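Read through the structure below, which is laid out as structure tokens, and then see the notes.
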Amino acid sequence: MKIEDNIETFNSLLRRRGFIWGPSPEIYGGLAGFYSYGPAGKALKNNILSKFRLELRAFGFSEVECPQILPEIVWEASGHLERFIDPVFRCQECETMLRADKFLREQLPNTTIDGLTFEEMGEIAFIHKLKCPKCDTHLEKIEKHNLMLKTSVGNGVTAYLRPETATTTYLLFNRLNQDARRQYPIKVFQYGKAYRNEISPRQLVLRMRAFDQFEIQLFIGKEQEYNFEEYNEISQKELPLLDWQTQEKNVLVPNRISLKQAIKTNMLKKPAFAYCLFLGYYLTSKLGFPDEVIRLRQHSPQEMAHYADDAWDLEINTKQFGWVEICGIHDRTDYDLKRHGQFSKQNFNIPMGTDQNLKEIPQILEIAFGPDRIIYTLLESNFSVEDERIILKIEPDIAPNLVAVFPLVKNKENIFNLAKKVHRLLLDSRISSFFDSAGSIGKRYRRQDELGTPYCITIDYESLDDNTVTIRHRDTMEQKRVLISEIIDYINKK
RNA sequence: GCGCUUGUAGUAUAGUGGUAAUAUGCUGGCUUCCCAAGCCAGUGUCCCGGGUUCAAUUCCCGGCAGGCGCACCA
């Protein structure tokens, strides 16, 4: 049987081995943009999250959790209500949808489009007799496409499912400020679901309508952004940076330069923001991506979100979809807190600098991960086919199973029982172990290769005499004989 | 959302106006002291709805879903 090393093999592996299933619900034909994780996928995701939580704890961050449904005023204040509703021309004849503002700008380069109401855009199209590029019908009617999912709560109160977790974290500002006893920066993160009503979701879990976000926030003073203690510890670190000016020259290869150098050349302005880039890159590199598939790409001023002053995407190069953003790092300035202060009539002005008489609204720096995108890109970049063998070279500490235990043959009772005992021993030490006795030993090794299990333990005839087992390594297929009593040490040491 | 295209076991595919197949997987058994071996037995499939027809998985229409292109992706 010939196994092709291609993307089709990978895609069917995702389903076969229980990583990603969907669109869900599959038995009813599915709804686009909604996927489920099977046991292997969910285990992988959980392990990644545990790792992130552990790391962030070490960096001084704490976790919060907020509701997913919030009243309209929140999204009015955040700017999402305005920005997430797109004006769209819908052709009466062929139903083609065109982004109105963009279309007008292309068709009428000398007319100012920015700041027009949707009605005014419709009028302009009417006056200039603009036609549908597909079928030549006159365009007039503007529709609104809302990227936020609307719902109503209780007695008809309009609310929206959050399109990002970040905003919900900001709503806690007063509480966090008290809780942290005004020790700045306040470092928090939130993990949870966010929802976007995408027009046509595609590309598996890369663009879902319900997806996970893992968003890390720093509330920080202006002065501190430029004089940030923790920056000094990491200023020598080299990151693969690609600034927007370089991209304009059509160069798309990142430059490995130190953060210090980036600040010096003005590629980055704020040391605290440089620290955020580092943190995003650090967490990513902990997951086992090869260096050459990671880059940090800066947004051009036109590409930037409405709240951002500087924005970088941490991207992974994939075979199937090219460069994929798995993390966005944004300098959101005081935009969010300013707006929420205004709309909620709260006073977010607090003393932050060396001069305690000067009050200011804190700045926010954000590192926003998309865990679903991490799962996909990590699986794809860890996937390989070697000598007719499909392997996921997942880092041991995040692999769905850390070990699998096999009896060499299953019809010898004492071997089978000893294998069960070893499996139990591992489980009792809370090591994720998987027991398998079905099929030939080779077949069982291959099954685990496809799940990315780093170690397979086999109990053979020799084990009965001397209490040793073989530990077989996923990547090299090498085997080591180890005493049963030393298995746990051996695995942990690796 | 538009255009083109596709939808058959868990996965990958073949095929047909008379309800279906190949490989692999999976389950049980035999065998086997280490990398998808072998033998035996078993398991399981035509996306959904409507129409045409004596008869539809097959043809037609609609829907849903996937792929590609366009658009969208704060």
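In what follows, chains carry the letters A, B, and so on, assigned in the order in which the sequence lines appear, proteins first and then strands, with residues in each chain numbered from 1. Note that this is a predicted model, so its numbers are computed, not measured.
The phosphate of B:A36 has OP1 or OP2 within less than 4.0 Å of a side-chain N or O from A:Arg446.
Under a cut-off of 6.0 angstrom, the local environment of NZ in A:Lys193 is crowded, with over 12 non-hydrogen atoms contributed by other residues, nucleotides or ligands.
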Restricting to nitrogen or oxygen on both sides, can you table the protein-nucleotides 65-67 of chain B pairs closer than 3.5 Å?
| unit_1 | atom_1 | unit_2 | atom_2 | d |
| --- | --- | --- | --- | --- |
| B:A65 | OP1 | A:Ala32 | N | 3.0 |
| B:A65 | O4' | A:Gly29 | O | 3.3 |

Heteroatom pairs (N/O) under 3.5 angstrom, protein to nucleotides 37-46 of chain B:
| unit_1 | atom_1 | unit_2 | atom_2 | d |
| --- | --- | --- | --- | --- |
| B:A37 | OP2 | A:Ser440 | OG | 2.9 |

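Place A:Arg447 and A:Met477 on RNA chain B by their nearest nucleotides, and A:Arg447 ends up nearer the 5' end. Closest-nucleotide positions on RNA chain B for A:Arg15 and A:Glu325 were compared, and the one nearer the 5' end corresponds to A:Arg15.
Ring-plane geometry between A:Phe52 and A:Phe214 is classed as perpendicular, the angle between the planes exceeding 60 degrees on a 0 to 90 degree scale with a lower cut at 30. Taking the six-membered ring for Trp and thresholds of 30 and 60 degrees, A:Phe348 and A:Phe173 have ring planes more than 60 degrees apart, a perpendicular arrangement.
Between B:U22 and B:U43, the two P atoms lie 14 Å apart (nearest whole Å). Comparing B:G17 with B:U58, their C1' atoms are spaced 6 Å from each other, to the whole Å. Taking the P atom of each, B:U52 and B:U45 are spaced 29 Å apart, rounded to whole Å. Taking atom P on both nucleotides, B:U27 is separated from B:A20 by 27 Å, rounded to a whole Å. B:C39 and B:G66: their P atoms are spaced 41 Å apart (whole Å). The gap from the C1' atom of B:G51 to that of B:A65 amounts to 22 Å, rounded to the nearest Å. Spacing of C1' atoms, B:U19 relative to B:C46, comes out at 9 Å, to the nearest Å. The same atom, P, is picked in B:G49 and in B:C68; the two are 28 Å apart, to the nearest Å.
Sorted by first and then second residue, the ring pair (Phe, Tyr, Trp, His ring centres under 6.0 Å) pairs involving residues 18-41 of chain A (not counting sequence neighbours) form an empty list.
Interface residues of residues 399-419 of chain A facing RNA chain B, ordered by number: A:Leu408, A:Val409, A:Lys410, A:Asn411; criterion, heavy-atom separation under 4.0 Å. Of the residues in residues 459-471 of chain A, those with a non-hydrogen atom less than 4.0 angstrom from any atom of RNA chain B are A:Asp460, A:Tyr461, A:Thr470.
Distance CG (A:Asp436) to P (B:C35): 17 Å, rounded to an integer number of Å. Atom CZ of A:Phe19 is separated from atom C1' of B:G10 by 15 Å (rounded to the nearest Å). Atom pair A:Glu4:CD and B:A23:P shows a separation of 19 Å (rounding to whole Å applied). To the nearest angstrom, P of B:G10 lies 13 Å from CD1 of A:Ile27. Between A:Ile199 atom CD1 and B:C2 atom C1' there is a gap of 11 Å when expressed in whole angstrom units. If you take CZ of A:Phe10 and P of B:A12, they are 13 Å apart, rounded to a whole angstrom. Separating the CD atom of A:Glu26 from the P atom of B:G10 is a distance of 10 Å, rounded to the nearest angstrom. Distance A:Ile20 CD1 to B:G10 C1': 17 Å, rounded to the nearest Å.
Base engagement by A:Thr458 is indicated by at least one non-hydrogen atom pair under 4.0 Å involving a base atom. Contact annotation for A:Arg196: base contact, defined as any heavy-atom pair under 4.0 Å involving a base atom. Within 4.0 Å (heavy atoms only), A:Glu164 reaches no atom of the nucleic acid at all. Across all strands shown, A:Arg444 has no heavy atoms under 4.0 Å from either base or sugar-phosphate atoms.
Looking at residues two or more places apart in sequence or on another chain, you find a side chain to side chain contact (heavy atoms under 4.5 Å, CB included) between A:Ser300 and A:Trp244, A:Gln302, A:Glu303. Listed by chain and number, the residues in a side chain to side chain donor-acceptor pair (under 3.5 Å) with A:Ser36 are A:Ser24 (sequence neighbours excluded). A:Tyr445 is linked by a side chain to side chain donor-acceptor pair (under 3.5 Å) to A:Thr458, counting only residues two or more places apart in sequence or in another chain. Every side chain to side chain donor-acceptor pair (under 3.5 Å) that A:Tyr191 has, sequence neighbours left out, goes to A:Asp212.
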According to the Watson-Crick and G-U wobble definition with distances under 3.5 Å, which dot-bracket string, read 5' to 3', encodes RNA chain B, using [ ] for crossing pairs and | for pairs with another strand?
-> (((((((..((((....[..))))((((((.......))))))...(((((..]....))))))))))))....

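Ranking B:A12, B:C34, B:C73 by closeness to the A:Arg207 side chain, first place goes to B:C73.
Seen from the ring of A:Phe435, A:Lys420 counts as a face-on cation partner, given the 6.0 Å and 45° thresholds.
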Stepwise side-chain hydrogen bond (donor to acceptor under 3.5 Å, both in side chains) test for A:Glu462 and A:Thr468 = CA-CA 7 Å; A:Glu462 220 177 311; A:Thr468 63; 4.6 Å; no

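A salt bridge does not link A:Asp436 to A:Lys443: none of the charged nitrogens lies less than 4.0 Å from a carboxylate oxygen. A salt bridge is defined here as a Lys NZ or Arg NE, NH1 or NH2 lying under 4.0 Å from an Asp or Glu carboxylate O, and A:Lys393 with A:Glu386 meets this definition. Contact check on A:Asp331 versus A:Lys269 returns no salt bridge, with no Lys/Arg side-chain nitrogen under 4.0 Å from an Asp/Glu carboxylate oxygen. With respect to the salt-bridge test (charged N to carboxylate O, under 4.0 angstrom), the residues A:Arg332 and A:Glu164 qualify. The pair A:Glu198-A:Arg209 does not count as a salt bridge, with every side-chain nitrogen at least 4.0 angstrom from each carboxylate oxygen.
For A:Glu198 against B:C73, a side-chain-to-base donor-acceptor contact under 3.5 Å is absent. Side-chain atoms of A:Tyr445 come within donor-acceptor range of the base of B:C34, with a qualifying N/O pair under 3.5 Å. Judged by distance alone with a 3.5 Å cut-off, no donor-acceptor contact links the side chain of A:Thr9 to the base of B:A12. Side-chain to base pairing of A:Glu82 with B:A74: no donor and acceptor N or O lie closer than 3.5 Å to each other. Donor-acceptor pairing under 3.5 Å, judged by distance alone, is present between the side chain of A:Arg472 and the base of B:C35.
Distance alone, capped at 3.5 Å, places no donor-acceptor pair between the A:Arg295 side chain and the A:Ile316 backbone.
Side-chain contact between A:Ile69 and A:Val153: present, with at least one pair of heavy atoms (C-beta onward) separated by less than 4.5 Å.
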Would you give me the side-chain donor-acceptor pairs under 3.5 Å for residues 322-330 of chain A, sequence neighbours excluded?
| unit_1 | atom_1 | unit_2 | atom_2 | d |
| --- | --- | --- | --- | --- |
| A:His330 | ND1 | A:Glu366 | OE1 | 2.9 |

Pair up each side-chain donor or acceptor in residues 407-417 of chain A with any protein partner under 3.5 Å, not counting sequence neighbours, and list the distances.
| unit_1 | atom_1 | unit_2 | atom_2 | d |
| --- | --- | --- | --- | --- |
| A:Asn417 | ND2 | A:Glu413 | O | 3.3 |

